[in-house]
Amino acid sequence: MSKTYTFHAGEATVLAADGQFTDAMPEILIGRTDGPVGAAFANMMAQSKGHTAMFAIRACNQLVRPATMMVPKVTLKDSANIDLFGGVVQSATADAVVDCLIDGTIPKEVANDLCIISLVWIDPRCAKDPNLDRKDMYRTNHEATMLAIKRALSNEPSVEELIANRHKIRHDMDDWS
């Protein structure tokens with residue numbers, strides 16, 4: 001793991017329980033507040049059009065460290081999706097960041113020097129699903145965020161793994177290669 005923390009990217013996918021649309025696929029950038037990730041983080045604070053960004057908080061007055069900005073991968077156009085983003089997904093993301101402090105994935109001594117940008121996906125079907133399982137949505141987002149942070153800070157997958165898997169693994173929606 002690099003100790004400079006200039007720019008680390010990670011992603012993960014955790015699939016929903018049967019019958020749910022709560023798959024989680026966060027894409028994470030972690031870096032120093034005085035580096036390129038910090039500059040991107042600060043610029044997101046002034047954004048007024050497009051995807052609304054939101055801090056990851058555990059509860060009112062409980063902003064997580066490293067400060068984490070959540071950005072939806074699609075524009076949230078209705079209050080039901082905004083409620084999911086600012087509720088269960090925000091809670092799962094915030095808890096995942098704190099759990100990464102607890103388990104040592106994120107060193108506590110650099111927590112205030114780093115920031116995280118987390119792009120999150122909410123399947124549009126979730127807000128309309130009368131049987132939406134918010135606990136499963138929390139589970140998938142929490143697990144995927146923790147895994148994405150761990151992968152980012154461990155520089156995973158490695159170049160060697162990518163090369164070894166080039167002709168073994170295909171994109172999940174790949175039927176053209």
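These figures come from a predicted structure and were not determined experimentally. Below, each value reflects all heavy atoms present in this structure, side chains not excepted, and no hydrogens, waters or symmetry copies.
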Derivation and outcome, salt bridge (Lys or Arg N to Asp or Glu O under 4.0 Å), residues Lys150 and Asp103: CA-CA 10 Å; Lys150 288 177 184 187; Asp103 74 10; 3.2 Å; yes
Nearest-0.5 Å distance, CZ of residue Arg166 to CD of residue Glu161: 15.0 Å
Candidate pair Thr6 and Arg32, rule side-chain contact (heavy atoms from CB on, under 4.5 Å), full reasoning: CA-CA 6 Å; Thr6 301; Arg32 296 187 61 80; 5.6 Å; no
Lys73 vs Met25 side-chain heavy atoms within contact, under 4.5 Å: yes
Closest approach of Ala53 to Met69 (non-hydrogen atoms, all atoms of both residues): CB-SD, 3.4 Å
Using atom types as modelled, flag every donor-acceptor pair under 3.5 Å from a side chain in residues 113-121 to any protein atom, sequence neighbours excluded.
none

Value rounded to 0.5 Å, distance of CD in Glu27 from OG1 in Thr145: 11.5 Å
Partner residues of Leu147 under the side-chain contact (heavy atoms from CB on, under 4.5 Å) criterion, sequence neighbours left out: Ala12, Arg151
Considering all heavy atoms, the nearest Thr22-Cys126 contact: CG2-SG, 4.1 Å
Co-membership, hydrophobic cluster, residues Val110 and Leu101, 4.5 Å side-chain: yes
Same apolar cluster: Met146 and Val64, side chain cutoff 4.5 Å: no
Residue pair Ala152 / Gly10: nearest heavy atoms and the distance that separates them: CB-N, 3.6 Å
Pairwise distance CG(Leu29) to OG1(Thr68) - rounded to 0.5 angstrom: 11.5 Å
Note, Met137 side chain near Gln20 side chain (heavy atom, < 4.5 Å): no
Contact check, side chains of Leu153 and Tyr5, non-hydrogen atoms, under 4.5 Å: yes
Minimum heavy-atom distance Met54-Gly86, with the two atoms named: SD-CA, 3.6 Å
Test item: His142 side-chain N/O and Ala92 main-chain N/O as donor-acceptor pair under 3.5 Å: no
Asp133 with Lys135: basic N within carboxylate O range, under 4.0 Å: no
Heavy-atom check, side chain of Pro66 versus side chain of Ile106, under 4.5 Å: yes
Approximate separation, where rounding is to 0.5 Å, of Leu15 CG and Glu143 CD: 10.5 Å
Any donor-acceptor N/O pair, Thr140 side chain to Asp136 backbone, under 3.5 Å: yes
Donor-acceptor under 3.5 Å (Thr93 side chain, Gln90 main chain): no
Same cluster (ILVMFWY, side-chain, under 4.5 Å), Val97 and Val14: no
Closest non-hydrogen atom pair between Ala16 and Asp23, with its separation: N-OD1, 2.7 Å
Residues Phe55, Met70; criterion side-chain contact (heavy atoms from CB on, under 4.5 Å); working and verdict: CA-CA 6 Å; Phe55 278 129; Met70 298 171 27; over 6 Å; no
Interatomic spacing from CG in Asp78 to CG in Leu76 - rounded to 0.5 Å: 8.0 Å
Path from Val71 to Leu63 over hydrophobic side-chain contacts below 4.5 Å: yes
Flag side-chain contact, heavy atom, 4.5 Å: Asp129 against Phe21: yes
Which atom of Ile122 lies closest to which atom of Asn81, heavy atoms considered: CG2-OD1, 3.6 Å
CG-SG distance between Asp95 and Cys100, expressed to the nearest 0.5 angstrom: 11.0 Å
Trace of the salt bridge (Lys or Arg N to Asp or Glu O under 4.0 Å) decision for Asp123 with Arg125: CA-CA 5 Å; Asp123 188 312; Arg125 296 174 288 186; 2.7 Å; yes
